[in-house]
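Owing to the predicted nature of the structure, the values given are computational and were not obtained by experimental measurement.
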Amino acid sequence: TNTPLQALVMLNDVQVIEAARALAAKIHLVPAEQRIASAFQACASRPPTAQENALLSQLFTEQFEEFRKTPDEARKFLAMGSNPIGKDLDPPEMAALTVVCQTILNLDVSLWNR
């Protein structure tokens, strides 16, 4: 089962954020329209459903807009941990991708897939 403490760790732990950021950096290399499906496939061992893809795409768009308004917050979020992103990557985009990857990592299908 999933516990509230587990969910809090998956949403706030620096190691989970670093893992999500590393996944975001990896999927940043694939074409934009395939990024969410690529991350989902890597974590869940299956492609996302149309509804999952739509929800994650909406999350990316919302987070990107928020981080674009506050680029310092994007940089602060991406600076967590010991492996910051490359300087040539766009902080708002990478922060939004990281949030999406963190969300995918926190899904039951990802947590209990192994």
Side-chain angles (χ1 to χ4, degrees):
T1 63
N2 194 348
T3 67
L5 184 56
Q6 177 186 355
L8 288 172
V9 168
M10 291 302 294
L11 290 173
N12 298 305
D13 187 75
V14 172
Q15 288 180 327
V16 176
I17 294 170
E18 284 185 295
R21 186 175 59 231
L23 180 57
K26 182 177 178 179
I27 66 167
H28 186 266
L29 301 174
V30 301
E33 64 276 359
Q34 297 173 10
R35 290 177 182 166
I36 290 173
S38 180
F40 199 97
Q41 180 74 44
C43 296
S45 299
R46 68 166 175 83
T49 65
Q51 182 181 15
E52 290 165 336
N53 194 58
L55 289 169
L56 291 167
S57 294
Q58 180 181 352
L59 176 63
F60 172 79
T61 300
E62 291 168 359
Q63 291 296 303
F64 179 67
E65 291 302 318
E66 285 298 314
F67 282 123
R68 202 169 70 176
K69 293 175 191 172
T70 58
D72 288 339
E73 289 299 318
R75 283 190 272 290
K76 182 178 169 184
F77 177 64
L78 293 170
M80 294 175 112
S82 60
N83 294 315
I85 66 161
K87 303 231 185 277
D88 59 329
L89 298 174
D90 179 51
E93 181 181 22
M94 287 306 298
L97 278 175
T98 299
V99 169
V100 169
C101 289
Q102 186 179 14
T103 300
I104 294 169
L105 287 169
N106 201 27
L107 294 173
D108 281 346
V109 69
S110 298
L111 291 170
W112 308 115
N113 185 33
R114 307 291 176 240

Review point. Are L97 and L55 connected in a single hydrophobic cluster, I mean Ile/Leu/Val/Met/Phe/Trp/Tyr linked by side-chain heavy atoms less than 4.5 Å apart?
Key: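 No, L55 does not connect to L97 through the hydrophobic network.
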
When rounded to the nearest 0.5 angstrom, what distance separates [atom1] in [X] from [atom2] in [Y]?
X	Y	atom1	atom2	value
H28	L23	NE2	CG	13.0 Å
R68	E93	CZ	CD	11.0 Å
L78	F67	CG	CZ	7.0 Å

Practice item. Report yes or no: does Q34 contribute a side-chain atom to a donor-acceptor pair with the main-chain N or O of P31 at less than 3.5 Å? Key: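 Checked: no pair found.
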
Exercise for review: Could you tell me whether a side-chain N or O of Q63 sits under 3.5 Å from a main-chain N or O of V100, the two making a donor and an acceptor?
Suggested key: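 Side chain of Q63 to backbone of V100: no pair is present.
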
Any idea which heavy atoms bring [X] and [Y] closest together, and the distance?
X	Y	answer
A44	S110	N-OG, 4.2 Å
M80	E18	O-CG, 4.0 Å
L56	T103	CD2-CG2, 4.0 Å
T49	E52	N-OE1, 2.7 Å
A39	I104	CB-CD1, 3.9 Å

Practice item. Determine whether more than 12 heavy atoms belonging to other residues, nucleotides or ligands lie under 6.0 Å from atom CD of E33. Key: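 Count over threshold, so yes.
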
Practice item. Using a cut-off of 6.0 Å, state whether more than 12 heavy atoms not belonging to Q15 lie near its atom CD. Key: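 12 or below, so no.
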
Point to revise | From R75, K76, K69, residue fulfilling side-chain contact (heavy atoms from CB on, under 4.5 Å) relative to E73 | key: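 Passing option: K76.
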
Review point. Are side-chain heavy atoms of L107 and F40 found at a separation under 4.5 Å?
Key: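 SC-SC contact between L107 and F40 confirmed.
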
**Study point:** C101 and I27, any side-chain heavy atoms less than 4.5 Å apart
**Key:**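 Yes, at least one pair of side-chain atoms sits under 4.5 Å.
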
